[in-house]
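Order of listing sets the numbers, starting from 1, for every ligand and every atom in it. Excluded from the calculations below are hydrogen atoms, water molecules and symmetry mates; all remaining heavy atoms, backbone and side chain alike, are included.
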Amino acid sequence: MRALYWNGVNDLRVGTVKDPEIVNPHDAILRVTLSTTCGSDLHFIDGYIPTMKAGDVIGHEFMGVIEDVGPEVKKVKKGDRVVVPSFIVCGQCWYCQHDLYSLCDNTHPKPELQEPLLGYPTAGIYGYTHAFGGYAGAHAQFVRVPFADNDCFTVPDGVSDEQALFLSDAAPTGYMGADFCNIRPGDTVAVWGCGGVGLMAQQSARLFGAERVIAIDRFPERLAMAREHVGSETIDYTQVDNVPDALKEMTRGRGPDACIDAVGMEAHGTGLQYAYDRLKQTLRLQTDRGQALREASLACRKGGVLSVLGVYGVIDKFPMGLIMNKGLTVRTAQQHGQAYMKRLLGHAQKGELNPSFLATHRFSLEDAPRGYDMFKHKKDGCVRAVFVP
Ligand SMILES: NC(=O)c1ccc[n+]([C@@H]2O[C@H](COP(=O)([O-])OP(=O)(O)OC[C@H]3O[C@@H](n4cnc5c(N)ncnc54)[C@H](O)[C@@H]3O)[C@@H](O)[C@H]2O)c1
Ligand SMILES: [Zn+2]
Ligand SMILES: [Zn+2]
């Protein structure tokens, strides 16, 4: 089959690779209908997250039609149109039983790669480094879905392929980030980042009842999407002296009730702190540029919630004293998509959540390296590049 694979830092290629096969009785093989890019991919494409190997098929945000199932698959069958969350979960372990799906204990085939850093392994993820399980990704004609009964969700009529596609990763991540905020009527939620994750966090904050949503980014077209598709107020961080001060002013001196970081380790910024982060990251003295997370911690009102969706490795100058003294609640996780999927499909069916506006650009799978280039460099207003195998 044809697939997009990582060949080295900033080197993606399309080639012919071995077709996936049913390995375990609870596996399914999915014929991928659509797949898309994610900001998380950029971290290993840029070489900040190690343990990729040349030839690894990438991609973790996808939907498709079931082509074949193993003998123990009971709930889904050949021909079903399904969406698959990006984390692979067993459905049986203590973590799965407690809705902490991305922490599943049974789907990381090499826990020894994570234990020295994290203490315990997380769940495996499609197409996302060997440190996260080394599973083949979904920018391909076919992909193996282990534990198909837990991980394949049938897409109801009335929900298009393009809507379903984003329920795989960007939408559940944003929805979880808003859920973390314990939103009450009258609340103001500020969201750093207007990529797919940030925009979905903003739309979800509205669904959870936020009165005001304030979005921060620097790309005019992304800020326009936040205004037009979510009704967010916006801050272009290149146009203000200081984002926390701007937020303080917009919230009558109290600060947002909750702050969502949908930026992560490759934050951009202005000023001395950004130059310092950039230098230390280039010299590999830290993996992260933490501008958004520091600003969110500073801007949040006392006793508020800091909801961290951006991916981080090792961050320098993390303001723990500030978090402690202001009594912030920090909530963070890789997305627990399986916990939210039924609600998300319901919201999509009722038209309350429509992520398809994220699909700004479409490419054939053969053209996927160009799609990633446009996505990475935000060329031509690209928010998500969608691939059609
Ligand atoms: N927790 C999870 O399960 C999960 C899932 C998906 C993605 N992520 C992470 O979420 C983050 C965002 O993902 P995405 O796909 O939306 O990425 P993206 O690259 O499409 O968007 C990131 C946005 O952040 C903006 N940004 C950069 N620096 C900023 C700053 N200082 N202030 C405000 N905005 C700034 C960029 O301009 C860009 O629009 C990434 O770190 C990604 O790895 C986490
Ligand atoms: Zn992702
Ligand atoms: Zn599990």
Side-chain angles (χ1 to χ4, degrees), residues 36-44 46 48-49 58-62 85-108 122-128 147 150-151 166 168-177 180 190-201 215-223 225-226 234-238 243 260-271 273-274 277 288-296 307-313 332-338 358 360 375-378 382-385:
T36 187
T37 53
C38 174
S40 297
D41 298 326
L42 301 179
H43 312 320
F44 66 73
D46 291 344
Y48 296 126
I49 297 191
I58 68 167
H60 61 261
E61 192 154 353
F62 62 104
S86 49
F87 279 85
I88 301 164
V89 314
C90 79
Q92 304 291 323
C93 72
W94 188 91
Y95 292 94
C96 286
Q97 299 288 313
H98 288 79
D99 277 358
L100 298 168
Y101 289 101
S102 68
L103 304 173
C104 173
D105 243 350
N106 284 328
T107 57
H108 199 309
T122 67
I125 182 169
Y126 299 94
Y128 205 79
F147 300 106
N150 301 303
D151 293 3
F166 296 107
S168 163
D169 195 74
T173 304
Y175 197 78
M176 177 185 77
F180 283 168
V191 181
W192 275 253
C194 293
V197 172
L199 289 163
M200 286 298 103
I216 301 128
D217 205 302
R218 79 175 190 284
F219 290 101
E221 66 279 5
R222 291 183 175 214
L223 291 166
M225 276 186 165
T234 55
I235 298 177
D236 175 345
Y237 67 79
T238 63
V243 173
I260 300 179
D261 168 354
V263 175
M265 59 162 69
E266 293 183 70
H268 285 86
T270 49
Q273 181 68 59
Y274 176 63
D277 275 345
D288 299 359
R289 305 196 299 259
Q291 180 110 1
L293 184 57
R294 290 194 201 96
E295 282 180 6
S307 167
V308 184
L309 301 174
V311 163
Y312 286 97
T332 182
Q334 298 275 14
Q335 61 121 344
H336 302 305
Q338 285 83 351
L358 302 178
T360 50
F375 170 64
K376 179 179 165 180
H377 296 106
K378 279 100 177 150
C382 183
V383 173
R384 281 281 192 270

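Under a 4.0 Å criterion applied to the non-hydrogen atoms of V197, ligand 1 contributes the atoms 6 (C), 7 (C), 13 (O), 14 (P), 15 (O), 16 (O). If you number the atoms of ligand 1 from 1 as listed, the ones under 4.0 Å from a heavy atom of D169 come out as 5 (C), 6 (C). Contact atoms of ligand 1 toward G310: 9 (C), 10 (O), 11 (C), 41 (O) (distance under 4.0 Å to a heavy atom of the residue).
Rounding to the nearest 0.5 Å gives a distance of 11.5 Å between CD1 of I260 and OG1 of T332.
Residue-to-ligand polar distances keep L42 apart from ligand 1: every N/O pair is separated by 3.5 Å or more. By the 3.5 Å distance cut-off applied to N or O atoms, R222 is counted among the residues near ligand 1. Close N/O approach between F87 and ligand 1 is not found [any backbone or side-chain N/O within under 3.5 Å]. Considering backbone and side-chain atoms alike, H268 places an N or O below 3.5 Å from some N or O of ligand 1.
Using a 4.0 Å cut-off between heavy atoms, V263 contacts ligand 1 through both its backbone and its side chain. Contacts between A333 and ligand 1, counted as non-hydrogen atom pairs separated by less than 4.0 Å, involve the backbone only.
Taking distances strictly below 2.8 Å, the protein N/O/S atoms close to the Zn ion (ligand 3) are C90 SG, C93 SG, C96 SG, C104 SG.
Nearby protein atoms of type N, O or S around the Zn ion (ligand 2) amount to 3 (distance under 2.8 Å).
If you check the side chains of Y312 and D261, you find a donor sitting under 3.5 Å from an acceptor.
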